[in-house]
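Heads up, the thing below is written out as structure tokens.
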Amino acid sequence: MAKRKLMMLGPPGAGKGTQAKLLSERLSIPHVSTGDMLREARRKGTPMGQEAARYMDGGQLVPDEVVIGIVRERLAEEDAQAGFILDGFPRTRPQAESLDAMGIVLEAVLNVRVSDDEVVRRLGGRLSCPACGRVYHEAFSPPTVSDTCDTCGHLGLIKREDDRPEAIRERLKGYWAQTNPLVEYYESKGVLVDVDGEREPVDVERQVVDAVQ
Ligand code: AMP
């Protein structure tokens, strides 16, 4: 039986979101992305969303207590009881320890490895649909019709504020200082699986699927 309490770890632009969506469909478990939830709170203009926006635009991490609160509520929902795929959480040691404190034991942590140069190349050209969240790349995977979302037809794809070059550098700095140490944290728990994120997307998917068997 496939593992069902999963997490995607890796730098920004590694393809965590794409792979998490595929796994979520394949295993019928919810895709829990803190980045998506924060962007949604921001779109709705909630006080938490407004506070988070200040950090997100600069490429900095939102404070632990804010993100931990969101995840705790989400994982308490009915549809997450049989499993979930965490994407973009935990990103710091206190966040990882908060999962332990909630009594959540991850069955596999998929560590998607991509070099810094590749991250810069990918995020620099990233476009997304503000309506449905689908992600494109100007050069590698453009929409069929220029500026129009293939999935929902929305006209006007946007560049995320935190995909500007200065914000990308800031996010990479944060990744190496705060998130990469989690590789060792989960390695010591025996649940870490390395995935080569620089291969073709179908190949990355195959590695991910194998890892959860
Ligand atoms: P993402 O879509 O996962 O790249 O997240 C976008 C932004 O949301 C990040 O650059 C952070 O500002 C914020 N964010 C998402 N997840 C977390 C987290 N687990 N801890 C702190 N900040 C987060």
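Counting convention: from 1, in listed order, for ligands and their atoms alike. Small disclaimer: the values here were computed from a predicted structure and weren't measured.
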For atom 22 (N) of ligand 1, what is the closest protein heavy atom, and at what distance to 0.1 Å?
V62 N, 3.0 Å
Give yes or no for whether the N/O distance cutoff of 3.5 Å, strictly under, is met between G59 and ligand 1.
no
If hydrogens are left out, which of R171, R54, R91 has an atom nearest to atom 5 (O) of ligand 1, that is, the closest non-hydrogen atom?
R91
Is the shortest distance from a Lys or Arg side-chain nitrogen in R169 or E166 to a carboxylate oxygen in the other one below 4.0 Å?
no
Classify the contact between R160 and ligand 1 as side chain, backbone, both or neither, using a heavy-atom distance cut-off of under 4.0 Å.
side chain
I want to know if ligand 1 touches T34 in the polar sense, i.e. an N/O pair below 3.5 angstrom.
yes
Polar proximity ligand 1 side, Y55 side, N/O cut 3.5 Å exclusive
no
Residue-level breakdown please: for V67 versus ligand 1, do any non-hydrogen atoms fall below 4.0 Å on the side chain, on the backbone, on both, or on neither?
side chain
For ligand 1, note which part of D36 has a heavy atom under 4.0 Å away: side chain, backbone, both or neither.
neither
Identity and separation of the nearest protein heavy atom to atom 19 (N) of ligand 1
G88 O, 2.8 Å
Please determine whether any non-hydrogen atom of K16 lies less than 4.0 Å from an atom of ligand 1.
no
Any nitrogen or oxygen of L38 lying under 3.5 Å from a nitrogen or oxygen in ligand 1? Just yes or no.
no
SB check D57 R42 (cutoff 4.0 Å)
yes
Quick one: which ligand 1 atoms are inside 4.0 Å of a heavy atom on Q60?
11 (C), 12 (O)
Considering all heavy atoms of both residues, which atom of H154 and which atom of P130 are nearest to each other, and what is their separation?
NE2-CG, 3.5 Å
Pair E25 + K21, salt bridge at N-O below 4.0 Å
no
Considering only NZ, NE, NH1 and NH2 on the basic side and carboxylate oxygens on the acidic side, decide whether D163 and R171 come within less than 4.0 Å.
yes
Heavy-atom contacts under 4.0 Å between L61 and ligand 1: side chain, backbone, both, or neither?
both
